[in-house]
Protein chains: 2
Amino acid sequence: MSSTDSTPDRPFILICNDDGIDAPGIQALATALDGHGDLCVVAPEREQSAVGHAITVRDPVRAHRYEFEVPSGPIPAWAVSGTPADCIKLATHQLLDRRPDVVVSGINRGPNTAVNILYSGTVSAATEAAILGFDAVAVSLCSFTRDEYEAAGRFAEQIVDRVLAGGLPPGVLLNVNVPAYEKSEIKGIRVTRQARSRWEESFEARVDPFDRPYYWIAGKFVNLDDGDETDLEAIENGYVSVTPIQFDLTAYEHLKSIRDWQWNGEE
Amino acid sequence: MSSTDSTPDRPFILICNDDGIDAPGIQALATALDGHGDLCVVAPEREQSAVGHAITVRDPVRAHRYEFEVPSGPIPAWAVSGTPADCIKLATHQLLDRRPDVVVSGINRGPNTAVNILYSGTVSAATEAAILGFDAVAVSLCSFTRDEYEAAGRFAEQIVDRVLAGGLPPGVLLNVNVPAYEKSEIKGIRVTRQARSRWEESFEARVDPFDRPYYWIAGKFVNLDDGDETDLEAIENGYVSVTPIQFDLTAYEHLKSIRDWQWNGEE
């Protein structure tokens with residue numbers, strides 16, 4: 001019997017995250033998706049927040065079978081020693097004998113809005129899946145303290161079903177952020193763009209017992225975007241934010257102006 | 001005397017990388033830029049390849065002064081215990097008392113073309129600089145074995161001077177890849193887009209002396225793009241590739257079609 005024994009006519013859903021396989025968010029996500037397809041979890045064995053799109057190239061990666069239960073029973077699961085992007089690569093090329101119909105990453109503890117998308121391991125798992133040609137969704141809960149994963153799980157269900165029914169354009173994945181409220185308090189879904197923002201760092205300098213300085217990162221998040229239709233605006237107004245994002249980073253609208261620099265005549 | 005004592009009317013150039021402060025590529029970059037402004041190096045103390053846009057949030061970061069020489073003499077330098085993105089944050093918010101006019105990251109050992117942009121620590125240092133509002137350039141040499149950093153340094157000079165003279169559009173940085181030839185063999189500069197591509201992973205499964213399996217990532221890079229004007233095409237044809245890239249990941253051209261999914265009527 002295959003480790004991913006399943007019903008071929010049901011969709012196959014691969015679940016990952018960056019908070020680690022024991023985090024409440026991934027349990028809530030798998031529980032929410034129970035009944036929507038054949039589920040499988042391949043997730044980091046330890047927390048991997050803020051790893052961005054790191055991959056493990058200088059060390060080997062390990063994977064071990066893991067017990068993971070959803071309401072309908074146990075599902076196949078592996079805990080991986082690497083990053084979220086490693087999990088997706090290893091799952092789809094080595095561990096699984098069936099191609100996922102969708103890859104869902106989350107539910108992240110804390111928002112992955114605005115520039116935080118770039119630092120997020122949760123988003124990078126979904127991005128890696130999209131690079132490999134799979135439909136992919138990242139889901140984050142906009143709170144570090146309130147464990148309101150249930151509503152986020154309900155929206156994840158709805159969005160994943162919609163992706164399974166219609167598919168996503170090639171090279172595009174969905175970055176979903178859910179306000180930390182009960183579902184009845186959430187006003188609906190808005191399709192948004194990534195807000196312009198940055199972290200204004202204020203490193204806290206300390207001195208260790210051996211008189212050597214060290215620094216803690218202690219930044220303040222700053223929204224630089226007063227325009228409409230951003231992910232931050234949707235969350236602030238009580239909506240779920242769904243941002244279609246891409247991994248082609250080319251600044252197409254500036255190609256022409258930078259070509260006009262006449263590079264080769266200047267030497 | 002300030003640690004970044006300098007001539008205010010000369011541009012201030014911050015240099016970073018991901019191969020580590022002792023790598024030949026960063027030495028070649030600083031040597032090439034000697035005379036183009038006041039230089040400063042803030043780079044990881046150890047190799048940080050493939051870290052993507054990781055930042056260090058759970059541990060403190062350390063920085064210690066480092067000896068770094070260019071032909072005109074010593075320049076201020078710090079070795080940092082964190083990632084390339086950490087280096088830029090720490091440099092611009094804590095270590096330096098002057099705002100860089102441009103941040104240059106590299107010269108990376110190996111290409112950062114196509115989808116490799118997403119995994120690259122070298123590019124992430126430049127991206128972090130751009131997020132923080134600085135003009136930024138990432139420079140990579142398209143070889144893992146040939147140490148032809150001199151030509152790459154010459155093109156870095158030319159491109160950095162051009163950026164210092166004219167500036168970059170907000171939110172845009174330049175990702176530069178240089179073929180591993182002598183300068184006379186390189187045909188010129190092309191402004192390009194990021195090629196569609198992926199790594200087709202073939203994990204090599206092994207068993208350790210304790211009978212536990214582990215996996216080495218052993219992927220093959222695949223160019224999926226047969227269109228014109230890509231970074232890969234420029235390199236293959238002997239040109240330097242300059243790709244303007246951005247950190248706004250929104251898939252703008254798909255916003256409308258995904259809005260048309262009529263999310264809020266479906267429940």
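The basis for the numbers below is simple: all heavy atoms, side chains too, and nothing from hydrogens, waters or symmetry mates. By convention in this document, chain letters (A, B, ...) are assigned in the order of the sequence lines, proteins followed by strands, and residues within each chain are numbered from 1.
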Which region of [X], side chain (C-beta onward) or backbone (N, CA, C, O), has a non-hydrogen atom less than 4.5 Å from a non-hydrogen atom of chain A, or is it both or neither?
X	value
V61(B)	both
L90(B)	both
I217(B)	side chain
A114(B)	neither
V242(B)	side chain

Closer than 3.5 angstrom, by distance alone: can the side chain of Q194(B) be matched with the main-chain N or O of F247(A) as a donor-acceptor pair?
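Side chain of Q194(B) to backbone of F247(A), a donor-acceptor pair under 3.5 Å: yes, one is there.
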Region of D208(A) that comes under 4.5 Å of a non-hydrogen atom in chain B
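Interface part for D208(A): side chain.
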Report which part of A195(A) has an atom under 4.5 Å of a heavy atom belonging to chain B: side chain, backbone, both, or neither.
neither
Pick from [options] with the largest number of heavy-atom pairs that fall under 4.5 Å of chain A:
options	value
T127(B), V240(B), L224(B), T192(B)	T192(B)
E47(B), R206(B), R212(B), H64(B)	E47(B)
D86(B), I159(B), D161(B), L173(B)	I159(B)
V115(B), L132(B), I117(B)	L132(B)
E200(B), R190(B), R62(B), E204(B)	R62(B)

Tell me the residues of residues 250-259 of chain B whose non-hydrogen atoms fall below 4.5 Å from those of chain A, in number order.
T250(B), A251(B), Y252(B), H254(B), L255(B), I258(B), R259(B)
Is it the case that more than 12 heavy atoms not belonging to R154(B) sit under 6.0 Å from its CZ atom?
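No, the 6.0 Å shell around CZ holds no more than 12 heavy atoms from other groups.
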d(I131(A) CD1, Y119(B) OH) to nearest 0.5 Å is 4.0 Å
Rounded to the nearest 0.5 Å, what's the gap from CZ on F203(A) to OG1 on T92(B)? Could you check?
7.5 Å
Dump the intermediate steps for side chain to side chain contact (heavy atoms under 4.5 Å, CB included) on R196(A) and D248(B), then the final yes or no.
CA-CA 8 Å; R196(A) 282 189 310 112; D248(B) 179 349; 5.8 Å; no
Using every non-hydrogen atom in the two residues, find where W261(A) and G167(B) come nearest and quote the distance to one decimal.
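W261(A) and G167(B) have their closest heavy atoms at CZ2-O, 3.5 Å.
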Residue pairs involving residues 111-120 of chain A (criterion salt bridge (Lys or Arg N to Asp or Glu O under 4.0 Å); sequence neighbours excluded)
none
Please evaluate residues W199(A) and E128(B) with respect to the criterion side chain to side chain contact (heavy atoms under 4.5 Å, CB included), reporting the C-alpha separation (whole Å), side-chain torsions for both, the decisive distance (0.1 Å), and the verdict.
CA-CA 10 Å; W199(A) 283 87; E128(B) 184 60 44; over 6 Å; no
Using the side chain to side chain contact (heavy atoms under 4.5 Å, CB included) rule, take L95(B) and Y215(A) through it: C-alpha gap first, then chi angles, then the decisive distance, then the call.
CA-CA 11 Å; L95(B) 301 176; Y215(A) 306 93; 4.0 Å; yes
